[in-house]
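This report refers to the structure that appears directly beneath it.
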Protein chains: 2
Amino acid sequence: MRLDTYDNKILTVLMENARVTWSDLAAMIGLSSPATADRVHRLEERGVIRGYEAAVDPEFAGCSCTAFVAVTLESAEQRNSFLNLVGNLAEVQECHHIAGDYDYLLKVRCLNTKDLDRVISSELKRLTGVRTRTTIVMNTLKESTRVPLKPDLFREKGE
Amino acid sequence: MRLDTYDNKILTVLMENARVTWSDLAAMIGLSSPATADRVHRLEERGVIRGYEAAVDPEFAGCSCTAFVAVTLESAEQRNSFLNLVGNLAEVQECHHIAGDYDYLLKVRCLNTKDLDRVISSELKRLTGVRTRTTIVMNTLKESTRVPLKPDLFREKGE
DNA sequence: TATGAAATGGATTGGCC
DNA sequence: GGCCAATCCATTTCATA
């Protein structure tokens, strides 16, 4: 069951403004409100829409420090505890398993460089065999969660 | 004008579910609906809340390839055209100015490695003097936009 | 800036195509 | 799967503190 043009339009609108009313959304895509609501609910159930998030300016939360931390685990046994730790650390926004010299790439958001030091030295390096290389972000020029939607390319997961 | 406990709670809820109704949100934080709506509108006006985004599973959009591309510009003149290009490329979700060996770090989402090659070779390298180092993401284990909110640390931007 | 009541307008349900 | 109509419920406004 592929996504059609209506679903495409719905996703495009919801990625920009997740708080639109059904009636506004319906008017934008050219369907009635009940039909629109149905489609959105189906998209949620199928996991196409994972959720709705308010984008909060990190500066206001005191998170003025962003960094990318590349991590290598020296022993495979630490893997689960590392992933567990990372999953529970609010400061770690992202964790990717990467190809190349390092194993993981983390995106970290925290108060300042001192706080970053705490996250790396006291949290991540609590585990033995964790090597890191940190890249400090000086300025963020673009940051969006919008996925590039290409019509005719919608597919089932893994298809 | 700092953010108080109510604002804190509001942000926490909205970061998890941006489509809550005012009445539900009001019940959760312990205020009346009009008061809650007022506060949210003020948070929007002050730029604390930048917007509301549906989180779409990249796999469904055919974006099964994620990569981090470190970029160095060999001449300073290319800077503006580079930032312009990057701002207009839907495949580039993020662009950070970084400290270290490279100038910028881009987060790129596209169809597959062939499509990634197109983005890098045909789009980014259209400009002369663009050197890149690409790190392919094999698996994403955590990905959130939630900012770690620490009560008592709310502040005005730049404060 | 908060509340509560009244009025408005959007969401949901059910019947039907 | 979609539309329409009716009910239901949330949002907004306003008066008050």
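Under the 6.0 Å distance and 45° angle rule, A:R39 does not count as a cation-pi partner of A:W22.
Note: CG (A:L3) to P (D:dG1) measures 11 Å, nearest angstrom. When the C1' atom of D:dC3 is taken as reference, atom CG of A:D38 falls 11 Å away, rounded to whole Å. In this structure, the NE2 atom of B:H41 is 15 Å from the C1' atom of C:dT1, given to the nearest Å. When the C1' atom of D:dG1 is taken as reference, atom CZ of A:R42 falls 7 Å away, rounded to whole Å. For B:R39 and C:dT1, the CZ to P distance is 7 Å, given to the nearest whole Å.
Under the side chain to side chain contact (heavy atoms under 4.5 Å, CB included) test applied with B:V108, the options B:E94, B:E91, B:Q93 reduce to a single match, B:E91.
In this structure, A:L14 CG and A:M28 CE are separated by 8.5 Å, a value rounded to the nearest 0.5 Å.
Residues passing the ring-ring contact (aromatic ring centres under 6.0 Å, His included) test with A:Y52, sequence neighbours excluded: none.
Of the N and O atoms on the side chains of B:S64 and B:E59, not one donor lies less than 3.5 Å from an acceptor on the other residue.
Note: the hydrophobic cluster containing B:L31 also contains B:L43 (ILVMFWY, side chain heavy atoms under 4.5 Å, direct or indirect links).
Taking every heavy atom of residues 12-32 of chain B and every atom of DNA chain D, pairs under 4.0 Å involve B:T21, B:W22, B:S23, by number.
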